[in-house]
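These notes concern the structure reproduced below.
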Protein chains: 2
Amino acid sequence: MSENMERGRRPVTAHDVARLAGVSQSAVSRTFTKGASVSPDTRRKVEEAAASLGYRPNLVARSLITRRSNLIGVAIPGMANPFYARVLESLSAAFEQLGYRILLFSMANNEDSDPVLEEILRYQVDGLVLVSASLSSRFAEECRTIGLPVVLFNRTNGSTSVSSVTSDNITGSRTIARFLLAGGHERLAFVAGKQSSSTNRDREAGFNAYLQEQGRPLPLREVGDYTFDGAITATRRLLAQDAPPDAIFCANDLMALAAINVCHELRMQPGRDVSIVGFDDLPQGQWPIFGLTTFEQPLAEMIGRAVNIICAQLADPGTSAIQEIVPGRMIVRQTARLPASGIVEVDGERIWQP
Amino acid sequence: MSENMERGRRPVTAHDVARLAGVSQSAVSRTFTKGASVSPDTRRKVEEAAASLGYRPNLVARSLITRRSNLIGVAIPGMANPFYARVLESLSAAFEQLGYRILLFSMANNEDSDPVLEEILRYQVDGLVLVSASLSSRFAEECRTIGLPVVLFNRTNGSTSVSSVTSDNITGSRTIARFLLAGGHERLAFVAGKQSSSTNRDREAGFNAYLQEQGRPLPLREVGDYTFDGAITATRRLLAQDAPPDAIFCANDLMALAAINVCHELRMQPGRDVSIVGFDDLPQGQWPIFGLTTFEQPLAEMIGRAVNIICAQLADPGTSAIQEIVPGRMIVRQTARLPASGIVEVDGERIWQP
DNA sequence: GGAAGGTTTGCATACGTATGCAATTTAACC
DNA sequence: GGTTAAATTGCATACGTATGCAAACCTTCC
């Protein structure tokens with residue numbers, strides 16, 4: 001109780017505890033290792049000694065032995081988009097539940113991610129979640145070699161050799177196209193996200209595919225880069241045209257909120273003067289002032305799948321890669337004119353089911 | 001190039017590289033340790049061998065020796081409040097610049113933080129940033145004993161023995177009170193944040209103190225708990241009164257945005273029918289649809305100070321604790337009626353300087 | 001060419017814990 | 001009480017790297 005009070009003292013180790021408790025270091029280790037064999041008597045002695053010295057097991061040393069760090073590396077783009085903030089929070093909560101901690105890596109905007117990954121791997125993380133980032137085939141191979149579970153979140157890779165979890169972007173955007181046509185819109189526009197992202201590719205493809213199937217022309221198109229400011233500019237351009245669109249599908253909610261802001265500037269009312277639809281279902285979109293009509297990305301479900309994939313691979317490194325595509329729902333609020341039919345209410349949300 | 005290709009192979013170690021390169025393990029270590037003494041020749045040999053084997057230094061083993069993990073523990077509340085998302089992102093960016101990584105700990109809503117800290121310390125983090133969390137004196141003492149740099153961010157502790165960085169909440173809220181009175185408001189209201197937080201205490205104290213000094217009655221008061229939903233309820237109650245307030249000071253921006261949403265519901269226009277003021281200066285407040293008048297928390301500056309405190313203590317554990325209070329500015333936009341004078345424009349922002 | 005000084009290298013050990021193994025103690029049972 | 005099985009314990013070693021130390025090497029200068 002007294003000798004550990006000086007500043008900068010050498011940290012208390014299992015040996016110190018063992019000495020004080022009159023047992024071996026192994027005994028100390030075993031009392032702190034769940035499932036090990038210790039008699040109630042020694043356990044008590046050890047725990048008392050540990051408490052009196054303020055002993056705390058050194059997880060770094062433990063990791064070196066067990067080859068498990070209990071860390072999950074998470075690479076995530078900036079948190080300017082609230083969607084990513086939610087992803088991180090949910091991931092953190094889910095993994096903490098399982099006894100894992102999050103080692104955070106911010107990916108400065110979609111630069112090459114390889115150097116960052118190189119760094120991550122040195123930390124001996126037990127698993128890796130790449131949010132909206134891609135994985136070079138070299139690293140995919142590398143991770144498989146060392147048996148490191150990896151999952152791409154909200155992004156797919158070309159190859160099927162790496163696991164991924166996405167929402168059903170194609171069906172979602174097809175549904176949006178169908179919803180807008182059913183609502184009697186004539187002149188559609190699409191505000192694209194980052195051109196390099198798989199989500200944008202899929203959302204644009206699904207949207208355009210449905211329009212073409214219905215013999216409609218392709219939508220007007222601007223690029224908002226998945227950012228608020230980008231979408232402000234894009235929407236202004238769209239609405240300043242001689243023949244402006246009567247409906248705008250923004251490839252994510254953040255951009256849709258920007259579009260609503262532009263409407264506000266122009267004294268236009270979303271849902272009456274022009275329809276705005278997003279993709280994500282952010283909490284902000286539910287705010288009364290926005291009331292955003294959007295296609296849901298079921299975050300909780302997606303997180304659950306991602307965690308399961310990691311756990312499965314952790315339990316058996318031989319588990320093969322899997323591409324999960326989680327279906328979502330069309331959430332109807334006030335920013336888009338409604339179709340004549342198909343609106344149902346499901347646990348507090350209005351859903352469109354064609 | 002060939003033997004590391006099988007799945008689940010034992011990871012490549014410095015010994016393997018040494019053997020292939022025909023040097024000692026020490027030489028390998030030294031080539032990967034910046035500032036160590038290696039001849040160009042052996043360095044080349046080692047680097048070639050390392051590349052061909054795909055060697056990656058094991059930072060866990062290194063940490064065990066050097067007693068530095070290059071990890072900074074960050075404990076942060078949920079990210080429903082965008083302010084925290086920004087804090088995390090900025091912290092991460094700042095520390096990555098210095099070669100540190102963030103180990104993330106979500107604090108489920110203000111439960112006792114001690115068990116979480118207990119856990120953090122086992123990971124041998126080099127520093128600790130507690131965002132809006134307090135530190136029991138027991139742990140403060142503990143951290144000092146083991147020489148672990150700690151800084152409270154956006155919260156102060158009672159004691160001066162632990163470092164903290166906050167914005168100037170008292171001056172800020174005094175300024176808001178003065179601003180509202182100068183704008184001719186008669187009937188003020190305050191929407192409080194979490195009662196247990198030091199920021200809320202200070203903001204309420206400063207606001208009330210100025211009113212009292214001016215011989216004004218205390219404001220109406222509701223509690224919003226720093227949450228959007230809480231502030232929705234609080235604002236509705238305030239505005240439903242027989243004699244509703246003509247100005248509402250919400251203790252943070254998130255609640256102010258909620259208040260604006262309530263105004264929208266009630267067909268009231270903020271800045272004309274009622275004034276709304278926040279505290280934070282979130283990016284969302286700058287959105288055209290909100291145009292929130294607020295008192296700034298200068299995030300970049302605050303992050304810089306926090307990082308500096310950690311670094312100073314890292315360099316010299318004897319460095320004494322310091323309480324940093326960073327001044328902010330009153331940012332004037334559209335949600336509050338303006339005083340007759342004192343508005344100036346500073347790099348694109350309109351500031352009120354009484 | 002040789003001495004002095006600097007640079008590079010390998011050996012051995014340490015970091016703090018987990019764990020296989022053998023020895024010992026305890027429990028169980030007839 | 002004696003035998004067998006089970007539970008507990010300590011010893012010794014391993015994890016992968018960094019580093020003090022002394023030996024080996026190279027450079028420089030007279």
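Here the structure is a predicted model, which means the values were calculated and not measured. Lettering of chains follows the sequences in order, A, B, ..., and the numbering in each one begins at 1.
A distance-only check finds a donor-acceptor pair linking the side chain of A:Gln323 to the backbone of A:Val162 [under 3.5 Å]. Proximity of a side-chain donor or acceptor of B:Asp126 to a complementary backbone N or O of B:Ser69 within less than 3.5 Å is detected. Although no hydrogens or angles enter the test, the distance criterion places a donor-acceptor pair under 3.5 Å between the side chain of B:Asp16 and the main chain of B:Thr13. B:Gln25 places no side-chain N or O within 3.5 Å of a backbone atom of B:Ala18 that could act as its donor or acceptor partner.
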Do any N or O atoms of the protein come closer than 3.5 Å to N or O atoms of nucleotides 23-27 of chain D, and which pairs are they?
none

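Nearest-nucleotide positions on DNA chain C place B:Thr42 closer to the 5' end than the other of B:Ala61 and B:Thr42.
For DNA chain C, the neighbouring residues in residues 30-41 of chain B, judged by any heavy atom under 4.0 Å, are B:Arg30, B:Ser37, B:Val38, B:Ser39.
The footprint of chain B on DNA chain C, defined by a heavy-atom cutoff below 4.0 Å, extends from C:dT8 to C:dG16.
Nucleic acid contact class of A:Thr13 (heavy atoms, under 4.0 Å, all strands): sugar-phosphate only. Contact annotation for B:Val23: backbone-only contact, meaning every heavy-atom pair under 4.0 Å involves sugar-phosphate atoms and none involves a base. Among the heavy atoms of the strands, none lies under 4.0 Å from B:Ser63.
Applying the salt bridge (Lys or Arg N to Asp or Glu O under 4.0 Å) test to residues at least two apart or on different chains, the pairs with a partner in residues 52-69 of chain B are A:Glu118-B:Arg56, A:Glu142-B:Arg56. Counting only residues at least two apart or in different chains, side-chain hydrogen bond (donor to acceptor under 3.5 Å, both in side chains) contacts with residues 26-42 of chain B comprise B:Ser39-B:Thr42, B:Asp41-B:Arg44. Screening residues 19-51 of chain A for ring-ring contact (aromatic ring centres under 6.0 Å, His included) gives A:Phe32-A:Tyr55 as the qualifying pairs, with residues at least two apart or on separate chains.
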- Message: Between B:Ser92 and A:Ser106, is the side-chain hydrogen bond (donor to acceptor under 3.5 Å, both in side chains) condition met? List the steps.
- Response: CA-CA 7 Å; B:Ser92 171; A:Ser106 300; 2.9 Å; yes
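Side-chain atoms of A:Thr166 and A:Asn154 include no donor-acceptor pair closer than 3.5 Å.
Rounded to the nearest 0.5 angstrom, A:Ser132 OG and A:Met107 CE are separated by 10.0 Å.
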